[in-house]
Amino acid sequence: MGSVDEERSLLEAELDQAESNGLYTGDGSFDFNGNPVLKQSTGNWRACPFILGNECCERLAYYGIAANLVSYLTKKLHEGNVSAARNVTTWQGTCYLTPLIGAVLADAYWGRYWTIAAFSTIYFFGMCTLTLSASIPALKPAECVGSICPSATPAQYAVFFFGLYLIALGTGGIKPCVSSFGADQFDDTDPNERVKKGSFFNWFYFSINIGALVSSSLLVWIQDNAGWGIGFGIPALFMGLAIGSFFSGTALYRFQRPGGSPLTRMCQVLVAAFHKRTLKVPEDSTLLYETGDKHSAIEGSRKLEHSEELKCLDKAAIVTDVETKSGDFSNPWRLCTVTQVEELKILIRMFPIWVTGIVFSAVYAQMSTMFVEQGMMMDTKIGSFTIPPASLSTFDVISVIFWVPIYDRIIVPIARKFTRKERGFSELQRMGIGLFISVLCMSAAAVVEIRRLQLAKELDLVDKQVAVPISILWQIPQYFLLGAAEVCTFIGQLEFFYDQSPDAMRSLCSALSLLTTSLGNYLSSFILTLVTYFTTKGGQIGWISDNLNEGHLDYFFWLLAGLSFLNMLVYTLCASRYKQKKAS
């Protein structure tokens with residue numbers, strides 16, 4: 001028995017020496033076969049093209065459905081404006097809610113690699129089902145005859161929404177894991193690789209928007225002009241390419257071990273703290289329980305330093321006299337390590353920052369709903385060419401593609417000289433800038449709508465459900481501002497929730513970041529429902545009627561601008577009080 005322990009100690013000493021010499025990663029990562037990884041032959045930027053290629057193709061597939069979904073629901077399934085907008089935002093909300101499932105599986109059991117592989121397959125089957133629903137005559141609703149548009153049958157609805165929600169489930173295993181898996185390719189203990197990790201998030205979001213650019217321009221045009229069968233089939237093909245790209249880089253990837261269920265560990269802290277609620281927390285934090293060696297008791301996690309907040313949770317790490325005498329520290333439901341307690345503290349500290357992302361996501365949801373419906377009631381012709389209203393989201397994508405390299409290559413180096421921060425701005429500062437720009441975005445949309453309604457009144461088009469002769473290109477500023485806000489807020493969120501999360505909870509925290517998008521979509525649906533209810537009382541037309549010329553969509557945009565401004569003020573207060581994570 002002694003010889004085995006000696007061999008293990010010698011092996012650990014050799015690995016520690018190799019890590020200190022910079023040959024191996026210091027963050028506990030390993031290769032596909034479970035061996036420690038050499039820095040020079042794995043990970044870093046050499047592994048990223050496969051991950052970025054996967055994300056680009058997967059997002060092309062997603063936005064190939066999402067960008068024009070409201071048009072399909074209104075024109076092919078013959079739904080009303082409010083019903084279509086509600087269905088789109090509910091589906092998009094679900095797409096950002098299911099990542100919680102994938103995150104728990106990745107952090108606790110499968111690891112990020114196998115979670116991505118399994119859910120990508122589900123995603124692909126969903127894409128194929130959706131393509132069949134738009135291609136086979138029996139699964140498609142009948143076309144309108146004049147002004148009479150027959151409703152889709154229950155079976156047609158069932159097949160379409162089954163495919164749609166398979167995609168929502170599939171994206172749940174991909175989204176929380178891909179960005180984290182990409183960031184795992186950079187050693188957190190190496191200062192040079194840590195800077196590259198910050199740059200990775202920028203280019204990760206850049207690749208998302210390259211896929212979105214193709215979807216919101218070319219694919220939207222194909223769907224409106226060549227048919228929905230081929231328009232849904234092309235995204236399905238690209239989803240297959242995404243899977244192939246991901247598996248191609250397997251030999252170069254760095255992997256992290258799953259650390260067990262994060263939900264179980266959080267419950268253990270709460271139960272242990274409650275059980276010891278009558279005990280007093282010692283003034284000396286070194287008396288709290290922690291493992292003696294350099295490694296954390298949680299697989300795949302570094303130790304976390306004790307923090308002074310939320311001392312009531314520290315009671316979970318108090319070592320009682322009974323435990324000291326028995327020498328039994330093995331029951332995590334009665335005694336937790338400081339690192340385990342700090343995991344829960346970190347999530348609680350993140351919560352206020354997380355909440356403020358929900359209103360921003362409600363603003364972002366307008367791009368695929370109310371912005372599109374606004375565009376449908378504007379002049380979509382440029383010469384002899386007709387612009388599909390959903391294609392205007394291209395300018396949001398172009399804005400992101402424009403701002404990402406500008407931010408990464410110009411703004412960050414300049415800001416670094418003044419702030420002395422390796423990434424130019426902190427994640428919190430970056431997110432705050434994005435929230436301010438979102439207020440400007442909603443204000444721009446409201447101003448355009450005011451002008452559109454004025455023109456409708458002047459030309460006596462208020463009672464007619466026809467497009468007003470104001471160019472759809474006037475929507476470009478609101479899309480461009482939304483893109484700039486994305487670059488700051490969404491990428492800032494990716495960085496923040498990855499960097500500040502406990503090592504063994506990174507997929508879960510990425511899912512929480514995505515959950516703001518989900519709840520933002522649900523909030524948008526909720527606001528739409530409330531606005532429709534209160535503004536149609538007493539037989540009134542309401543702000544958002546099927547004929548937008550007689551409604552007041554501008555009031556809805558001003559409402560969101562006001563909510564965004566209040567949200568920014570709350571965020572500023574929360575961010576100023578946030579305390580950063582400290583890992584050993």
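Shortest non-hydrogen contact noted between Met378 and Ala467 is O-CB, 3.5 Å. Nearest heavy atom pair, residue Asn54 against residue Ile243, reads ND2-N, 4.3 Å. In this structure, Val448 and Trp474 approach most closely via the heavy-atom pair CG2-O, 3.4 Å. Tyr498 approaches Ala183 most closely through the heavy-atom pair CZ-CB, 3.4 Å. Smallest separation of non-hydrogen atoms from Ser361 and Gly520: CB-CA, 3.7 Å. Across all their heavy atoms, Ile122 and Leu166 have their closest contact at CG2-O, 3.7 Å.
With hydrogens and angles ignored, the 3.5 Å screen pairs no side-chain donor or acceptor of Ser245 with any backbone N or O of Leu241. Side-chain atoms of Ser135 never come within 3.5 Å of backbone atoms of Leu132 as a donor-acceptor pair (strictly under, hydrogens ignored). Formation of a donor-acceptor pair under 3.5 Å by the Thr171 side chain with backbone atoms of Ile167 is not found in this model. Using a distance-only test at 3.5 Å, with no hydrogens or angles considered, no donor-acceptor pair links the side chain of Thr380 to the main chain of Met376. A donor-acceptor pair is defined here as one N or O able to donate and one able to accept, closer than 3.5 Å; no such pair exists between the side chain of Asn549 and the backbone of Ala456. With Ser507 contributing its side chain and Ala103 its backbone, the two residues share no donor-acceptor pair below 3.5 Å. The backbone N or O of Leu563 lies less than 3.5 Å from no partner atom in the side chain of Asn567, so there is not a single donor-acceptor pair. Without hydrogens or angle criteria, Thr489 side chain to Glu486 main chain gives no donor-acceptor distance under 3.5 Å. Between the Ser564 side chain and the Val439 main chain, no donor and acceptor come within less than 3.5 Å of each other. A donor-acceptor distance shorter than 3.5 angstrom exists from the side chain of Gln223 to the backbone of Gly231, with no hydrogens or angles considered.
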Under the side-chain contact (heavy atoms from CB on, under 4.5 Å) rule, what do Trp91 and Ile65 come out as? Steps first, then yes or no, please. CA-CA 11 Å; Trp91 174 71; Ile65 305 301; 4.2 Å; yes

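In this structure, the ring of Phe125 has its center no less than 6.0 angstrom from the ring center of Phe162. Two rings, from Phe238 and Tyr62, have their centers 6.0 Å or more apart.
Atom-to-atom distance recorded for Phe371:CZ and Leu553:CG is 9.0 Å, nearest 0.5 angstrom. Between the CD1 atom of Ile234 and the CD1 atom of Ile222 there is a distance of 4.0 Å, given to the nearest 0.5 Å. Between Phe556 atom CZ and Thr532 atom OG1 the span is 8.5 Å, to the nearest 0.5 Å. Distance check: Cys509 SG to Trp354 CH2 gives 11.5 Å after rounding to the nearest 0.5 Å.
In this structure the side chain of Leu52 reaches within 4.5 angstrom of the side chain of Phe204, judged on heavy atoms. Gln366 is listed as a side-chain neighbour of Met442, based on a closest heavy-atom distance under 4.5 Å. Side chains of Val404 and Ile491 form a contact here, defined as non-hydrogen atoms less than 4.5 Å apart.
Under the 3.5 Å distance criterion, with hydrogens and angles disregarded, a donor-acceptor pair is assigned to the side chains of Tyr113 and Thr250. Side-chain contact of Thr535 with Gln540: a donor-acceptor pair under 3.5 Å is absent, judged by distance alone. For Tyr63 and Asn209, the side-chain atoms include no donor-acceptor pair closer than 3.5 Å. In the model, Arg59 has no side-chain atom that pairs as donor or acceptor with a side-chain atom of Ser207 under 3.5 Å. Using modelled atom types, one finds no donor on one side chain facing an acceptor on the other under 3.5 Å when comparing Ser133 with Tyr157. Looking at Gln478 and Glu449, their side chains never bring a donor and an acceptor atom within 3.5 Å of each other.
Within a 6.0 Å radius of NZ in Lys381, no more than 12 heavy atoms belonging to other residues, nucleotides or ligands are found. More than 12 heavy atoms of other residues, nucleotides or ligands sit less than 6.0 Å from atom CG of Asn225. Annotation: Tyr165, atom OH; neighbour count of heavy atoms from other residues, nucleotides and ligands within 6.0 Å is above 12. Ile230 CD1: 12 or fewer foreign heavy atoms inside a 6.0 Å radius. Open room surrounds CZ on Phe565; 12 or fewer heavy atoms of other groups in view lie less than 6.0 Å from it.
The aromatic rings of Phe181 and Tyr253 stand perpendicular to each other, their planes meeting at an angle above 60°, with 30° marking the opposite boundary. Classification of the Phe206-Trp203 ring pair by plane angle, with boundaries at 30° and 60°, yields perpendicular. The aromatic rings of Trp228 and Tyr72 sit perpendicular, their planes meeting at an angle over 60°, well past the 30° parallel limit. Using bins of under 30°, 30° to 60° and over 60° for the plane-to-plane angle, the ring pair Phe360/Phe490 lands in the perpendicular bin.
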